[in-house]
Amino acid sequence: MIKLLDVSKVYPRTGPALEGVNLHVPKGAFVFLTGHSGSGKTTTLRLIHMAERPSSGEVRVSGFSSLRTSRREIWKVRRRVGFVFQDFRLLPGRDALQNVAFALEVTGTAQRELRGRAQRLLSQVGLAAKAGSQIHELSGGEQQRVAVARALASEPLILLADEPTGNLDGRATRGVMDLFWEINAMGMAVVMATHDLELVRSYPKARVIELDQGRLVFDSSQAG
């Protein structure tokens, strides 16, 4: 599903972000990607999303390779990989339904199907009753649920999440995490970056991968 093969990433101004990382995430896995700020978590997610290309090594995602996938083909990767951000990145001035419908429209969904499919996605994340609410009227947890619904619009095989609970209180965090587990139980691989070790300890069944200064230093699937 996801493979990083001896992957390094060097930025011209800031230097190495990842060094020699080897990683395999199989279909249907739930993975916490942990590490201090600057450890390489976001870079790893961006490489998997092919928003970045490695400086050396290879990233393979659901049949696509960073060595062979052209910029014009990146959209094919994005159809298979959903992305949820810490800061939601929703469209202001549009309600919850319109935000999800816009994502569906981008994927090529027919106009006559937009509203119905958007409503079903909002129902899936527990927000059916909030479809007509403006984004500023929603709580942080609700906004993140809209963002998850939007990420599911392309029916991806993989869901990436970059500190998705970083701006949420305890109750909202639990709600969003329960949602991720439900999505994972349906067969979707979930890779979630977080520095919240207390949160990680709350889900002992998840695989934990730790980065430190761009290097993979711990993988619970290989521990013991």
Side-chain angles (χ1 to χ4, degrees), residues 1-11 13-62 66 81-87 144 147-148 151 156-170 172-185 187-224:
M1 183 62 66
I2 300 170
K3 286 187 178 181
L4 273 66
L5 304 173
D6 199 23
V7 168
S8 295
K9 178 64 178 179
V10 179
Y11 293 104
R13 292 186 178 181
T14 56
L18 288 180
E19 295 186 58
V21 172
N22 288 282
L23 173 63
H24 175 217
V25 177
K27 180 179 179 180
F30 194 113
V31 177
F32 282 120
L33 190 61
T34 68
H36 296 295
S37 178
S39 61
K41 301 188 299 297
T42 296
T43 297
T44 300
L45 294 183
R46 287 178 59 80
L47 287 168
I48 296 170
H49 201 227
M50 294 202 183
E52 302 270 3
R53 298 297 180 105
S55 301
S56 61
E58 181 183 8
V59 178
R60 297 177 185 170
V61 182
S62 189
S66 61
V81 184
F83 207 119
V84 178
F85 302 91
Q86 179 178 353
D87 56 357
Q144 193 60 289
V148 173
L157 302 175
I158 301 163
L159 183 64
L160 307 178
D162 193 2
E163 302 279 1
T165 62
N167 291 331
L168 306 181
D169 61 23
T173 292
R174 288 189 295 274
V176 168
M177 288 303 303
D178 288 347
L179 177 58
F180 283 150
W181 277 105
E182 291 169 11
I183 291 168
N184 177 247
M188 191 180 303
V190 176
V191 181
M192 174 180 164
T194 182
H195 65 272
D196 187 345
L197 295 183
E198 184 176 342
L199 176 65
V200 173
R201 285 191 287 268
S202 299
Y203 296 90
K205 292 184 179 180
R207 179 179 171 189
V208 180
I209 293 170
E210 182 182 356
L211 295 171
D212 183 32
Q213 295 183 335
R215 295 184 178 276
L216 198 159
V217 295
F218 175 77
D219 184 345
S220 64
S221 70
Q222 300 175 8

Q.
With heavy-atom distances below 4.5 Å as the criterion, would you say the side chains of Thr44 and Val21 are in contact?
A. no
Q: Starting at OG1 of Thr34, measure out to CG of Leu197 and round the result to the nearest 0.5 Å.
A: 6.0 Å
Q: Give, for atom CE of Met177 and atom CG of Leu179, the distance between the pair rounded to the nearest 0.5 Å.
A: 10.0 Å
Q) Going from OG on Ser39 to CG on Leu18, what distance comes out if it is rounded to the nearest 0.5 angstrom? A) 8.5 Å
Q: Taking ring-ring contact (aromatic ring centres under 6.0 Å, His included) as the test, write out the residues that go with Phe180, two or more places apart.
A: none
Q: Scan for side-chain hydrogen bond (donor to acceptor under 3.5 Å, both in side chains) pairs involving residues 158-167, sequence neighbours excluded, and state none if there are none.
A: Thr42-Asp162, Gln86-Asn167, Glu163-His195
Q) At their closest point, which heavy atom of Val84 faces which heavy atom of Pro164, and how far apart are they? A) CG1-CB, 4.2 Å
Q) Judged by atom type as modelled, is there a donor-acceptor pair below 3.5 Å linking the side chain of Lys3 to the main-chain atoms of Val59? A) no
(Q) Give me the atom names and distance for the closest heavy-atom approach of Asp6 to Gly20. (A) OD1-CA, 3.4 Å
Q.
For Glu58, give me all partners under salt bridge (charged side-chain N to carboxylate O under 4.0 Å, His left out), at least two apart in sequence or on another chain.
A. Arg60, Arg68
Q.
Ring-plane angle category for Phe30 and Phe32, please: parallel below 30°, perpendicular beyond 60°, tilted otherwise.
A. perpendicular
Q) Do Leu4 and Leu216 come close enough that some side-chain heavy atom pair is under 4.5 Å? A) no
Q: Only pairs at least two apart or in different chains count here, so list each salt bridge (Lys or Arg N to Asp or Glu O under 4.0 Å) that has a residue in residues 26-35.
A: none
Q: Go through the structure and list residues passing side-chain hydrogen bond (donor to acceptor under 3.5 Å, both in side chains) with Asn184, not counting sequence neighbours.
A: none
Q: Starting at CD1 of Ile48, measure out to OG of Ser66 and round the result to the nearest 0.5 Å.
A: 11.5 Å
Q.
Applying side chain to side chain contact (heavy atoms under 4.5 Å, CB included) to Val191 and Ile2, what does each step give before you reach the verdict?
A. CA-CA 10 Å; Val191 181; Ile2 300 170; 4.1 Å; yes
Would you give me the side-chain donor-acceptor pairs under 3.5 Å for residues 203-215, sequence neighbours excluded?
unit_1	atom_1	unit_2	atom_2	d
Arg207	NE	Asp219	OD1	3.0
Arg207	NE	Ser221	OG	3.4
Arg207	NH1	His24	O	2.7
Arg207	NH2	His24	O	3.2
Arg207	NH2	Asp219	OD2	2.7
Arg215	NH2	Glu19	OE1	3.1

Q) Shortest non-hydrogen contact from Leu159 to Met188? A) CB-SD, 3.7 Å
Q: Please tell me if the side chains of Lys9 and Pro54 come closer than 4.5 Å, counting only heavy atoms from C-beta onward.
A: no
Q) Ignoring hydrogens and geometry, is there a side-chain-to-backbone donor-acceptor pair from Thr43 to Ala17 under 3.5 Å? A) no
Q: Quick one: closest heavy-atom pair of Ala151 and Pro156, and the distance?
A: O-CG, 3.6 Å
Q: Specify the closest pair of heavy atoms between Leu33 and Lys41, including all atoms of both residues, with the distance to one decimal.
A: O-CD, 3.3 Å
Q: Supply the atom-to-atom distance Arg174 CZ to Asp169 CG, rounded to the nearest 0.5 angstrom.
A: 8.0 Å
Q. What is the minimum heavy-atom distance between Thr194 and Val200, and which atoms define it?
A. CG2-CG2, 3.7 Å
